[in-house]
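FYI, the numbering just counts along the sequence from 1. What you see is a predicted model, and the numbers here were worked out from it, not measured in a lab. Ligands are counted one by one from 1 in listed order, and the atoms in each one are counted from 1 as well.
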Amino acid sequence: MKNNPTQKTENRLSIFWSDDYVVDSDVETRTKSGPLAAILKSGEVPGVEILAPAPATREELLVIHEPQYLDRLITGDEKLARSILASTGGVRDALDAMIKYGKAGSLSSGLHHAKPDEAFGLCYINGLALAALRAIDHHGVKKVGVYDLDAHCGGGTFTMLGDNPNVILADVSCNTFDSWKPKSDRHHLKIVNNANEYLEAVRIGLAHLTGVDALIYNAGMDPFEDDGMGGLPGISREVLAERERLVAQWCEDTGTPAMFVLAGGYCSSKSDLDRLARLHLMTIKEFARIKTNNPAWRKL
Ligand SMILES: [Zn+2]
């Protein structure tokens with residue numbers, strides 16, 4: 001990365017993205033980062049810098065996926081493969097930037113349903129698992145938290161990380177898709193059915209993550225009431241804005257290094273791609289706002 005050490009004390013937020021993330025498709029997972037990157041490039045959020053990631057390699061993906069599955073994926077549809085490798089590389093680079101600067105993100109999504117040998121629910125590579133294992137194995141982080149606030153459950157992530165004693169999983173969903181059964185006090189899953197209970201469930205999820213040394217945040221916007229795939233009536237834009245404030249403020253207050261990815265969020269007859277990008281922008285504004293230079297921050 002082209003980071004200038006003299007900028008380290010600034011409240012910089014490095015966000016990874018490149019044109020390769022975007023594929024001409026009717027699946028928002030492959031399109032929505034484009035309009036979001038355009039907003040960021042306009043300078044609307046001070047302190048944000050957009051960096052192109054190095055694509056993920058087959059070798060590094062072998063940590064979490066079966067070789068035959070990877071070969072099929074990489075030699076399949078060329079544009080899709082390029083998008084998947086670029087956006088997964090962005091997750092890895094965001095993890096490294098988080099370790100260095102305390103906060104970072106990637107405009108990646110589709111990272112929590114994939115299983116070791118198959119794609120599932122629009123997800124091909126489990127980028128959350130890749131990032132968590134890299135934090136532990138490459139950076140020596142003792143306790144990594146994964147907070148999944150996508151509308152759908154992160155059963156793929158549980159499959160890959162559930163037995164890892166260095167990983168704390170918290171998952172607050174509002175849809176039973178890809179649900180999983182906690183089997184340790186390191187695991188927390190709450191499926192919310194009533195929007196009035198949502199923010200309290202988010203707070204309880206954060207409490208479950210107390211003591212982690214770093215946080216990987218799957219910041220799905222598909223709980224939104226007008227979402228086309230996962231929305232729950234009553235989870236308004238304002239509720240999601242408060243959710244993003246709660247999560248980011250928790251990171252600042254606890255001095256926990258954190259990185260985010262976009263996760264789910266879909267258009268509907270009531271909500272178009274620009275509106276969706278504006279929802280995801282709320283996560284970025286909160287991450288840009290929080291300060292990573294308080295003395296308690298450097299846990300790593
Ligand atoms: Zn989802």
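Annotation: side chain to side chain donor-acceptor pair (under 3.5 Å) contacts of Glu244 (sequence neighbours excluded): Tyr217, Thr283.
If you look at Asp222 and ask which of its N, O or S atoms sits nearest the Zn ion (ligand 1), the answer is OD2. The Zn ion (ligand 1) lies closest to atom OD1 when only the N/O/S atoms of Asp150 are considered. Within His152, the N/O/S atom positioned nearest the Zn ion (ligand 1) carries the name ND1.
The Zn ion (ligand 1) has no N, O or S atom of His112 closer than 2.8 Å.
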I'd like a table of donor-acceptor pairs (distance under 3.5 Å, sequence neighbours excluded) in which one partner is a side-chain atom from residues 115-133, with atom names and distances.
residue : atom : partner : partner atom : Å
Lys115  : NZ   : His113  : O            : 3.0
Lys115  : NZ   : Asp178  : OD1          : 3.1
Asn126  : OD1  : Leu128  : N            : 3.3
Asn126  : OD1  : Ala129  : N            : 2.9
Asn126  : ND2  : Thr157  : OG1          : 3.4

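For the atom pair OH of Tyr21 and OG of Ser108, the computed distance is 3.5 Å after rounding to the nearest 0.5 Å.
Taking the ring centre of Tyr101 as origin, the terminal cationic atom of Arg12 falls inside the region bounded by 6.0 Å and 45° from the ring axis.
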